[in-house]
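Each chain gets a letter, A, B and so on, in the order its sequence line appears, and its residues count up from 1.
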Amino acid sequence: MPLLSVRNLKVAFGATEAVRELSFDVPTGGTLALVGESGSGKSATALSILRLIEREGGRIAGGTITLHEDLGPVDITALDEPSLRALRGNRISMIFQEPMTSLNPVLTVGNQVAEVFIRHRYMSNRQALAAARDALDSVRMPDPQRRLSQYPHELSGGLRQRVMIAMALACRPRLLIADEPTTALDVTTQAEILNLIRELQAEIGMAVLFITHDMGVVAEIADRIVVLRDGRKVEEGAVAEVFRAPRHAYSQQLMAATPKLGSGSPAAPAGAAKLLEVRDLTTRFTVRGGFLEERRSIDAVRGVSLSLGRAETLGLVGESGCGKSTLARSILRLVEPASGGILLDGQDVMRAGRVELRALRRHAQMVFQDPYASLNPRLPVHDLVTEPARIHGVVTARDQRDLAATLLKSVGLEEDVVDRYPHQFSGGQRQRLCIARALSVKPKLIVADEPVSALDVSIARQVTDLMLELQQREGISFLFISHDIAVIERVSHRIAVMYRGEIVETGPSQAVLRDPRHPYTRRLLASVPRTDPAGRRAFVQPLPAVSSPQPGARLREAAPGHFVRENAA
Amino acid sequence: MVRHIARTLAKMIITLFVIVTLVFFATRLSGDPINYVVGQGITQEDRELLTRYYGLDASIWEQYVRFLGSFVDGQFGLSFVERRPVADIVAERVWPSLQLLLSGIALTILVAIPLGILAAIHRKSWIGSAVMTVAFIGYAVPNFVLAVFMVLVFAFTLNWLPVVGNSTPWHFIMPTITLSGALIAALTRFTRNAMLDVLSQDFMRTARAKGLSEAVVILKHGFSNASITILSVLGLQIAGLAAAGNVVVEAIFAWPGIGALLVNAAILRDFPVLQFAVLAVAFAVIIVNGVIDIAYAYADPRIRLGRA
């Protein structure tokens, strides 16, 4: 008998149906993955199982959710509030996507974990804190005693997610619902957390309902998979089978859109002339204290050199906080570098005065990660996409609408949307608007900072395809920044791997990916989930931490065009 | 934490010095006090004699230095009108004002915060709208109108409450309500908004997913976060309460405090008293803000641990 049976579940938000007639089973001790893109109803389903959906403004409009417990089946949709509270955090637990915001910032870690023991195990404060210490220990938290008195902001994302897991597993639940638990984490941290969940699942014997959009994660962790689209189940089956031969067209599309490491990179343009050369660039942030507080300075980017040819794409990959965004901004001098040289199209960017810098920026445009925040909501599309052209005096007021129409067509949008406003577009369409805006001044270089990270995989695929097409048509060079090495592989001729403010390895994409020399690059590659359940690693070895690069070490040519930092072991 | 307190103290001292200086020069611009100390029609000799007697013949810089010197002996000079040390005059006025201020703050916190939380939880039902409507009316009514209305009803018509002075606890009721009325309304509104912000946070969902009761979720997880923003606003509002509110309320209810003293000293150009009374109010405001600053840091571990 399955542990949890969902039958004909219907969830509605007002008049909109988020989940329609959904049925699935979670086997005892097994792992079921609910997969879908944003708006597929996967989170609504998860919240319905804990009956937290009412709090989010939703309503269970029909169906049953049955938990088969030792004492007999219980229909969760029919429980009253006290019984639900006894169930939550005890028999069924949940962990959430954002470890940054899912923990209370003003309560200590110990307090937040102990709370569960006080609530469900009726322990005293002292007993609960001791139990919390053990719970932190069991999620392999280093130095658990000290963590008890720390606050969430003192922990890294990975450690916070461990705290979340410790809280969720405190009462050894029968079912753990994990709602995108690794989406906000770096890939190396993701591998550790997935490992941890698998280990603890075996220890406790609980079932896991894993909610994700990431096929790679599914392949790593799930036994069975349910594919959702618009609140409906389109496919269900054993993971190996669905991956081998997806039956439904949407599953096939989803599989195809998922970036897979090792699926090749575009061929490098032959004998490209240099467009951008960066030498020994260092950008320093001074953390200015308030009154009576001393200053500190941090080198976000340290001695970085790179070059980019015409019509070439350089993929810059690295984890959050490694300085890749700062590097991008420094190249355009949106952030003022402390030292180093930047040559763009033969012109010295570092020495450029205000007027010259403005002229130079015409040749280098930026596309940002968040297409919601980077478009002014009060400007109509024709103003938005032509704004850079107006600033640089490339277009007259009369020709502005014509230019807008041309730009929209070139990014695959209809011409007749010129009078709409940003909120009338979806995330993918907005990112197209951002690209159209960058194109309006016919730039030679586009710096794209995580341009597809906020988008669903199928949309992300379309956006990267568009960028490749533009490159071939207009000969634009891209500096493409991402934390996702599979996306980087798909778009880049060459790759630069960044770690703690420095570039530790760079070279032609396939050379770097097939023959990684630096330990950090190897670690990064080993952490990427395999999109093939058959090749699932039994248990990933805990990866050795890589020490910070030593200052002053130079890049050494390991193979033609393939450079590695010298201190690489 | 120690560093934070030291910084707060240093800021307080510098602020006080700036205020002292500003007050000194502002009062010198407000007219000749001799005209107010004595009546019209005195002879030129008498006027010069008095000017010398009050030390007003010296240059403004000399007066300023002498003024700063008066801090050292702890008497703060003599009142032009009463010829008594200013320190004594102000000292007997401090306690009544402080009593009124503290009871006003206490009433505000006790009423506004529970009401604000209630309004946030029941934002979609009639309870929430009722609380907010009352708060809106409270905010719109000026304090002197509220005072006159209460005096008419509770003192003159019903004869329940005394109006003048501060001799019994009954005397506190109307002045306290007058003083805190607008602040209660403002703080209720603010508490509600702060709570609404917190209620939609991810960690509230986490708390419910743990199976905690609604009371624990709202008070422990919700209010502990909202209190940070509430405290910061409370600090600013109390400054206004101490400075402007007290003056009006003490004038209406003949409360023997600093506010009433301030008004009289200003009318009579009694510079030493005026300067010191302003200083006393500023000092109170700064102390309250300093305390709230430290409380704020305590409520928010991100500040307490020095990583804002």
Side-chain angles (χ1 to χ4, degrees), chain A residues 46-47 49-57 81-108 111-113 115-120 149-154 163-164 167-168 170-171 173 177 179 287 289-294, chain B residues 1-15 121 123-124 194 197-231 290 293 295-308:
Chain A
L47 289 171
I49 295 171
L50 274 184
R51 285 277 303 281
L52 289 170
I53 191 73
E54 286 96 335
R55 284 274 163 203
E56 311 282 318
E81 195 56 30
S83 324
L84 283 171
R85 281 204 292 268
L87 193 76
R88 291 177 192 145
N90 189 12
R91 321 286 299 157
I92 303 180
S93 290
M94 188 157 176
I95 50 181
F96 300 95
Q97 174 172 357
E98 274 294 337
M100 304 289 164
T101 55
S102 295
L103 290 170
N104 193 324
V106 304
L107 300 177
T108 60
N111 189 338
Q112 293 186 59
V113 180
E115 203 170 47
V116 184
F117 292 107
I118 296 170
R119 166 66 184 87
H120 293 295
S149 54
Q150 286 187 314
Y151 289 88
H153 73 271
E154 297 174 79
V163 173
M164 281 297 292
M167 255 161 35
C171 294
I177 303 171
D179 187 358
V287 183
F291 181 69
L292 292 181
E293 216 173 12
E294 75 262 48
Chain B
M1 192 67 194
V2 175
R3 286 170 53 99
H4 185 84
I5 293 174
R7 261 205 314 279
T8 308
L9 283 175
K11 269 189 233 174
M12 282 166 55
I13 289 166
I14 291 172
T15 313
I121 298 170
R123 67 188 173 284
K124 283 180 185 161
D197 278 349
V198 172
L199 290 179
S200 61
Q201 298 281 318
D202 287 350
F203 57 77
M204 296 298 280
R205 194 177 52 194
T206 308
R208 291 203 176 90
K210 290 192 214 173
L212 301 174
S213 71
E214 206 49 29
V216 174
V217 171
I218 297 287
L219 294 178
K220 182 175 170 185
H221 287 267
F223 185 67
S224 62
N225 276 277
S227 64
I228 297 169
T229 32
I230 294 171
L231 267 174
D293 235 23
Y296 186 79
Y298 188 76
D300 190 346
R302 285 162 294 194
I303 293 180
R304 191 191 329 158
L305 301 168
R307 300 206 328 212

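Only the side chain of A/L50 comes within contact range of chain B, with at least one heavy atom under 4.5 Å from a heavy atom of that chain. In this structure, chain A has no heavy atom under 4.5 Å from any part of B/S200. In this structure, chain A has no heavy atom under 4.5 Å from any part of B/L199. In this structure, chain A has no heavy atom under 4.5 Å from any part of B/V198. Neither the backbone nor the side chain of A/I177 comes within less than 4.5 Å of any heavy atom in chain B.
By number of non-hydrogen pairs under 4.5 angstrom with chain B, the leading residue of A/R85, A/M100, A/Q97 is A/R85. Heavy-atom pairs under 4.5 Å with chain B were tallied for A/Q112, A/E98, A/M94; the largest tally goes to A/Q112. Contact count against chain A (heavy-atom pairs under 4.5 Å) is highest for B/R205 among B/R205, B/Q201, B/M204.
Shown here for B/F203 and A/P105, the closest heavy-atom pair between the two residues is CE2-CD, 3.5 Å. Here the closest heavy-atom approach between residue A/N90 and residue A/C171 is recorded as OD1-CB, 3.5 Å.
Inspection of the B/K220 and A/N104 side chains reveals no N or O donor paired with an N or O acceptor under 3.5 Å. When only modelled atom types and interatomic distance are considered, A/H120 and A/E115 share no side-chain donor-acceptor pair under 3.5 Å.
Side chains of B/D202 and A/F96 form no contact here, defined as non-hydrogen atoms less than 4.5 Å apart.
Taking CZ of A/R55 as the reference point, atom CZ of B/R208 lies at 4.0 Å (rounded to 0.5 Å).
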